[in-house]
Amino acid sequence: MAARPSQGDQRVGVVKAHVLKPADRPSIVEALFGTTEDEIAGLIPLPIDTAVLVKLWEMSSSLPANVAAMVTNVDSFGHRYEPAIDLDAPDANARIREALVVERLHDALVAQTRTDAASEAVPGVDPTSLLPDPADRLDQLANLPVVEPTTEDVAKRAVALRRVARLELARLRSFFEFCCPGSSFVTLRRRLRLDLEITGNAAVEVLRDRSGIPARLVRLPILELRLAPVDAEPTRIEELVRTSDLTWERVAQHRFFRRYAQVASTKQVVAWFREFGDPRVISSGSGKVYDSEASLQRTEPDAKVATEVVHFSIAHPGSAWGLPRWIGNSPAVLGSRELDETNLDYFRSNSVPPLAIMVSGGSFKKNVVSNLETFFDQKVRGRGSTHKVVILEAEPVRTGGVVGPVPKIEFVPLRDAQQQDALFQVYDERNADKICSSFRLPRILTGRDRATNRATAQASLQFAEDQVFAGERNEFDELVNRRLLPELGITFWRFKSNSPTTHDPETLGAVITSLVETGVLSQNEARGLVSGLFNQAFPAWETPEANQPLPIVLANLRSRGDLPPARATRSPRRAGPSVEQNPATELEDPAPPPPANPTNGIRARRLPARRALATSSRSEVE
């Protein structure tokens with residue numbers, strides 16, 4: 001207790017001070033992410049409930065735009081098929097010869113290695129200790145008896161490759177056109193990308209036909225997918241490895257697989273899956289591994305062999321599960337949502353009224369206040385209430401029978417006290433920038449850039465294509481080319497995702513035209529560049545002239561008399577190389593002759609204004 005102040009001291013003594021502080025409570029992030037699902041026996045628990053991530057995506061005002069930008073620019077432009085060797089290219093025979101040399105060298109090396117391993121095997125000795133030194137290995141490769149392919153061998157292989165190319169291309173088109181029941185392959189990719197960007201995980205089920213070849217691709221609901229731990233023991237498999245541009249080889253290796261489960265809302269496992277490429281017989285009902293299908297049928301008559309799953313994830317070092325890119329900015333997502341709801345409540349409640357009625361020196365009668373409320377709520381709305389008038393009466397204050405002065409009624413506007421705009425707009429803008437930076441996207445792709453021009457827009461789109469979208473497409477293409485196409489038996493073609501045209505077509509068209517006319521590019525080389533530019537196949541022409549520079553082709557045609565010589569004209573006002581120095585000028589049409597009547601107002605050469613006027617006047621006089 002403080003000391004009592006003296007009579008001359010005007011300060012008031014404080015008896016006791018209380019410090020008020022809010023009760024400890026978890027943050028919004030902890031409330032959403034602090035609780036995980038109940039662990040299911042034998043499965044890896046989710047680090048963050050995927051249903052919560054989907055809910056945040058639904059509530060956010062800026063997150064859907066970023067996710068849509070990724071979906072549209074990565075997986076929405078289709079795909080094309082590129083040959084391992086372009087058989088119509090000028091260097092096709094050289095590449096086929098190189099592939100034959102690599103194949104024969106590989107076969108000879110494998111045979112020699114097997115012979116050496118059989119002859120040098122010593123019981124109780126590690127075979128790796130018998131490997132030759134690198135220098136001896138190079139000598140061995142240089143001295144391998146490899147027969148160089150002849151021109152006839154190359155021609156026979158080229159004919160066979162053309163047949164294989166036609167057959168494989170037809171199979172590829174048929175597979176990707178009908179592999180997704182009820183939708184297209186582009187739709188499947190878009191849905192997988194949507195799952196991946198929202199939850200950090202996506203999965204597709206691979207269904208095989210009776211011959212064991214993949215036939216259908218089905219998207220798995222990511223909210224129901226669960227992962228099992230990696231197997232304790234590795235499984236021996238034979239994986240296809242490319243040995244040249246045209247051949248694959250089966251290589252034995254050991255690999256650790258995992259199983260997947262589909263969990264219902266009751267936290268019960270309804271189906272089991274195996275990883276894509278796992279050759280084992282796994283029950284779809286119990287997830288157990290069996291030696292054969294017959295053993296599975298004897299033990300579980302109602303179960304079938306589990307189908308395969310390809311799991312896509314945005315890798316996270318702390319878990320087998322992936323996490324979305326924006327997980328670090330989840331407070332920004334939640335903050336913007338709370339901000340929007342706060343502003344909505346403010347506008348709905350209208351906490352500060354626009355007008356106040358002030359009465360001084362008196363008071364209203366008993367029912368005046370209620371009548372005013374009814375009047376403003378019901379009778380001053382619409383066009384019919386334009387000229388309505390409200391009449392207010394107030395009574396003066398009476399004190400001891402004495403009537404006070406006349407009361408005063410004032411209408412005081414409160415517009416200055418009202419909030420004219422939404423709250424925390426700068427904070428909301430900063431949150432949107434944070435979320436956009438999680439995807440490394442420029443503002444123009446999310447519709448938020450209001451001050452841009454063509455140059456900055458082109459630079460932003462090119463940056464996003466090079467740094468973000470192209471890498472995502474290449475990762476997907478690599479998976480298809482290395483894992484799916486070998487299972488389909490495709491050796492000659494490559495899967496390539498299309499990209500948007502971010503270059504200026506007019507500028508590139510002018511550059512390609514100039515390079516062709518000056519002989520830097522041949523016509524077939526230009527068609528190859530145009531194919532990649534417009535995501536459309538422009539086959540090479542089979543004529544020999546299409547592979548030669550255009551000026552040489554024109555010179556040969558004129559030397560044989562197949563093309564008449566063109567009359568080249570040189571402008572006296574423009575300095576430049578002569579016709580002999582620049583063969584491209586031979587393509588120019590001769591200049592048109594001047595008009596017959598010089599006074600008709602149309603001249604081949606522009607005259608000064610005074611001179612033209614004088615000439616016209618003189619002609620009229622004559």
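Sequential numbering from 1 along the given sequence is applied to the chain's residues.
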Open item on the list: Between T247 and T243, does the side-chain hydrogen bond (donor to acceptor under 3.5 Å, both in side chains) criterion hold? Intermediate values first, please.
Closed with: CA-CA 6 Å; T247 55; T243 57; 2.8 Å; yes

TODO: Go through the steps for D209 and S211 under the test side-chain hydrogen bond (donor to acceptor under 3.5 Å, both in side chains), then give the verdict.
DONE: CA-CA 5 Å; D209 57 16; S211 59; 2.9 Å; yes

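For S284, there are no side-chain hydrogen bond (donor to acceptor under 3.5 Å, both in side chains) partners, not counting sequence neighbours. Looking at residues two or more places apart in sequence or on another chain, you find a salt bridge (charged side-chain N to carboxylate O under 4.0 Å, His left out) between R162 and D88. Qualifying salt bridge (charged side-chain N to carboxylate O under 4.0 Å, His left out) partners for D91, counting only residues two or more places apart in sequence or in other chains: none. Taking the side-chain hydrogen bond (donor to acceptor under 3.5 Å, both in side chains) definition, one finds that S313 meets it with nothing, sequence neighbours left out. Residues satisfying the side-chain hydrogen bond (donor to acceptor under 3.5 Å, both in side chains) test with T513, not counting sequence neighbours, are none. Checked against side chain to side chain contact (heavy atoms under 4.5 Å, CB included), D302 has no partners two or more places apart in sequence or in another chain. Residues meeting the side chain to side chain contact (heavy atoms under 4.5 Å, CB included) test with V230, sequence neighbours left out: F256, R258. With sequence neighbours excluded, the residues forming a salt bridge (charged side-chain N to carboxylate O under 4.0 Å, His left out) with E429 are R443, R448, listed by chain and number. Looking at residues two or more places apart in sequence or on another chain, you find no salt bridge (charged side-chain N to carboxylate O under 4.0 Å, His left out) involving R166. For S283, the side chain to side chain contact (heavy atoms under 4.5 Å, CB included) partners at least two apart in sequence or on another chain are S286, Y290, L296, E300, A303. Legend: residues meeting side-chain hydrogen bond (donor to acceptor under 3.5 Å, both in side chains) with D231, ordered by chain and number and at least two apart, are R280.
A distance-only check finds no donor-acceptor pair linking the side chain of R337 to the backbone of D340 [under 3.5 Å]. Judged by distance alone, the side chain of R259 and the main-chain N or O of A228 form no donor-acceptor pair under 3.5 Å. No donor-acceptor pair under 3.5 Å is formed between the side chain of S174 and the backbone N or O of R171. Formation of a donor-acceptor pair under 3.5 Å by the D195 side chain with backbone atoms of N201 is not found in this model.
Closest approach of F492 and E168 over heavy atoms only: N-OE1, 2.8 Å. Taking both residues in full, the closest heavy atoms of F424 and L339 are given as O-CD2, 3.3 Å, listed atom of the first, atom of the second, then distance. When all heavy atoms of Y81 and L172 are compared, the closest pair comes out as OH-O, 3.6 Å. Closest of all the heavy-atom pairs between P214 and V206 is CB-CG1, 3.9 Å.
Using a 4.5 Å heavy-atom cutoff, the side chains of H79 and F495 are in contact. Counting only heavy atoms from C-beta outward, the side chains of F469 and L445 approach each other to under 4.5 Å. L515 has its side chain out of reach of E525: every pair of non-hydrogen atoms, C-beta onward, lies at least 4.5 Å apart. Contact annotation: the side chain of F312 approaches that of L479 to within less than 4.5 Å [non-hydrogen atoms, C-beta and beyond].
Counting non-hydrogen atoms of neighbouring residues, nucleotides and ligands closer than 6.0 angstrom, the CD atom of E233 reaches no more than 12 such neighbours. Heavy atoms from other residues, nucleotides or ligands lying under 6.0 Å from CZ of R219 number more than 12. Atom CD of E238 is surrounded by more than 12 heavy atoms from other residues, nucleotides or ligands within 6.0 Å.
Listed by first and then second residue, the side chain to side chain donor-acceptor pair (under 3.5 Å) pairs involving residues 475-486 are D477-S497 (not counting sequence neighbours).
The pair E465-R473 meets the salt-bridge criterion, since a charged nitrogen lies less than 4.0 angstrom from a carboxylate oxygen.
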